[in-house]
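Counting from 1, the numbers follow the sequence of the chain as shown. Worth saying up front: this structure is predicted, and the values here are computed from it rather than measured.
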Amino acid sequence: MQSDEEISDMDVSSSANVKLRPSEVINYYLLSLAVADLLCGLLVVPLSVYPAVVNDWVYGEVICRLIGYVEVTLWAVTVYTFMWISVDRYLAVRKPLRYETLQTKTRCQCWMVFTWISAAMLCCPPLLGFTKSSFDPDAYICMLEWGSMAAYSITLSILILGPSVITIIYTYTYIFSMLRKIRSGYPFHDKEYATALSENLSNPSHLMSFTLVVTFWLSWIPYIGLKLYEYFTSPLENQQVLHFGIVWLGFLNSFWKSVILITMSPQFRLALRIFCMTICCRYKGRLQAELIGMDDD
């Protein structure tokens with residue numbers, strides 16, 4: 001009879017036969033999103049629990065300013081990461097025969113490091129005292145007072161939202177237009193290109209990444225819209241439920257990311273399964289990397 005360890009190894013080996021496209025680097029972008037969500041869950045959300053009980057910020061001005069800085073930085077990292085995800089999906093469709101050459105592991109890691117550093121530097125004025133942070137008694141969280149420095153707020157919005165929104169709209173418009181061509185039987189002259197394009201468009205990562213982007217913006221647009229309305233008119237009084245709801249609707253997008261990944265990503269489901277099996281059955285870490293598709297070719 002076979003031992004439990006041998007049987008477990010056979011199960012993992014059979015799972016390794018699943019086609020996971022190991023050269024795809026979208027996993028590194030998803031890792032960046034996961035780290036941003038994790039930091040938000042560890043540094044921002046817990047510090048809102050006790051203030052919600054006592055209805056007052058008890059951690060001091062320095063911590064309030066730091067929390068405001070962390071919130072904006074993580075939000076900027078998330079927006080930029082979605083931009084890089086859209087570029088990655090665009091290249092997979094625009095250059096299907098050269099995708100693996102254009103999107104290498106090292107290049108994508110460099111882009112992620114650059115994104116985190118640039119976001120941290122762009123959002124550092126709150127730490128230097130150029131903008132104010134205040135406790136929102138309705139949402140029970142410290143947030144930046146954007147109206148206290150309109151020039152900085154507008155500049156930051158342009159630098160973060162401008163390239164990201166334009167890139168996302170352009171890339172996904174192109175992706176869905178090519179998808180319509182494939183489904184309508186558009187005649188491509190290069191058969192090799194058509195085959196590679198059809199294979200790449202069948203990848204569920206396109207729809208998954210688009211759903212992540214749409215969910216993120218649907219979560220934050222109510223907050224952005226309300227802040228713009230209050231800035232150009234006047235703050236809404238006695239609307240605690242409204243303020244609380246739209247702020248935490250935005251932060252709730254971290255939860256929806258997990259739901260979307262579990263529902264729409266076979267790679268994520270397999271990775272989660274292997275992670276749980278590793279904890280319970282003590283599989284070797286090397287097998288995890290092979291199954292998730294994060295190893296080099």
Side-chain angles (χ1 to χ4, degrees), residues 16 18-43 69-70 72-124 159-168 170-172 175 200 203-206 208-213 216 253-254 257-258 260-261 264-272 274-275 278 284-297:
V18 179
K19 188 175 182 180
L20 289 180
R21 303 173 185 265
S23 61
E24 280 199 335
V25 294
I26 191 176
N27 297 310
Y28 296 101
Y29 299 128
L30 296 179
L31 178 61
S32 176
L33 292 177
V35 172
D37 291 338
L38 179 62
L39 291 177
C40 181
L42 293 177
L43 300 179
Y69 166 74
V70 170
V72 178
T73 301
L74 295 180
W75 195 85
V77 167
T78 301
V79 173
Y80 280 140
T81 303
F82 279 131
M83 179 183 69
W84 294 123
I85 289 177
S86 67
V87 171
D88 175 77
R89 295 297 85 200
Y90 170 79
L91 291 175
V93 175
R94 186 72 174 82
K95 303 288 185 180
L97 298 176
R98 299 178 54 199
Y99 171 75
E100 296 181 7
T101 303
L102 296 173
Q103 290 291 84
T104 62
K105 171 184 175 181
T106 302
R107 180 173 298 175
C108 294
Q109 289 176 340
C110 289
W111 280 123
M112 284 298 92
V113 172
F114 172 77
T115 296
W116 280 84
I117 293 176
S118 59
M121 294 179 65
L122 284 173
C123 303
C124 67
L159 292 176
I160 295 176
L161 296 179
S164 301
V165 172
I166 294 173
T167 301
I168 289 172
Y170 173 78
T171 53
Y172 281 105
I175 290 172
N200 283 350
N203 190 340
S205 296
H206 297 299
M208 177 200 68
S209 60
F210 180 74
T211 306
L212 287 172
V213 172
F216 173 81
N253 81 92
S254 299
K257 287 193 190 80
S258 302
I260 293 171
L261 289 172
M264 305 183 67
S265 175
Q267 285 185 325
F268 185 83
R269 289 197 299 270
L270 181 59
L272 183 62
I274 297 303
F275 175 75
T278 302
K284 295 180 180 180
R286 181 178 60 83
L287 295 177
Q288 276 187 325
E290 292 176 356
L291 291 173
I292 299 174
M294 300 287 283
D295 281 349
D296 293 331
D297 292 338

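To the nearest 0.5 Å, atoms CD1 (Ile168) and CH2 (Trp84) are separated by 11.5 Å. Atom-to-atom distance recorded for Thr115:OG1 and Tyr29:OH is 8.0 Å, nearest 0.5 angstrom. Note: Cys108 SG to Leu31 CG = 12.0 Å, rounded to the nearest 0.5 Å. Rounded to the nearest 0.5 angstrom, Leu212 CG and Thr81 OG1 are separated by 11.5 Å. We find the CE-CZ distance between Met264 and Phe210 to be 10.0 Å, quoted to the nearest 0.5 Å. Note that OH of Tyr28 is 4.0 Å distant from NZ of Lys105, once rounded to the nearest 0.5 Å.
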Going through the checks in order, is the side chain to side chain contact (heavy atoms under 4.5 Å, CB included) test met by Ile26 and Met208? CA-CA 11 Å; Ile26 191 176; Met208 177 200 68; 4.2 Å; yes

Checking side chain to side chain contact (heavy atoms under 4.5 Å, CB included) for the pair Trp75/Cys123: CA distance, chi angles, key distance, verdict? CA-CA 10 Å; Trp75 195 85; Cys123 303; over 6 Å; no

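Taking every heavy atom of both residues into account, Tyr172 and Ser209 meet most closely at OH-OG, 2.8 Å. Nearest heavy atoms, Ile160 versus Ala76: CD1-CB, 3.5 Å. Between Gln103 and Val25, the shortest heavy-atom distance links the atoms O-CG1, 3.5 Å. When all heavy atoms are compared, the tightest approach of Leu159 to Tyr80 is O-OH, 2.8 Å. Closest heavy-atom contact between Tyr99 and Leu91: CD1-C, 4.0 Å.
Within the 3.5 Å criterion, the main-chain N or O of Met83 finds a donor-acceptor partner in the side chain of Ser86. A donor-acceptor pair under 3.5 Å links the side-chain atoms of Tyr69 to the main chain of Ala120, judged by distance alone. Here the side chain of Arg89 pairs no donor or acceptor atom with the backbone of Ser205 at under 3.5 angstrom.
Remark: Ser254 engages Asp37 in a side chain to side chain donor-acceptor pair (under 3.5 Å) (not counting sequence neighbours).
Side-chain contact between Val70 and Leu39 is absent, with no heavy-atom pair separated by less than 4.5 Å. The shortest distance between side-chain heavy atoms of Val77 and Val35 does not fall below 4.5 Å. Looking at heavy atoms from C-beta onward, Thr167 lies out of side-chain contact with Phe82 at the 4.5 angstrom threshold. Proximity of Leu102 to Arg94: side-chain heavy atoms (C-beta onward) are nowhere separated by under 4.5 Å. With contacts defined as side-chain heavy-atom distances shorter than 4.5 Å, the pair Tyr90/Ile85 does not qualify.
Counting non-hydrogen atoms of other residues, nucleotides and ligands closer than 6.0 Å to CH2 of Trp111 gives a total of 12 or fewer.
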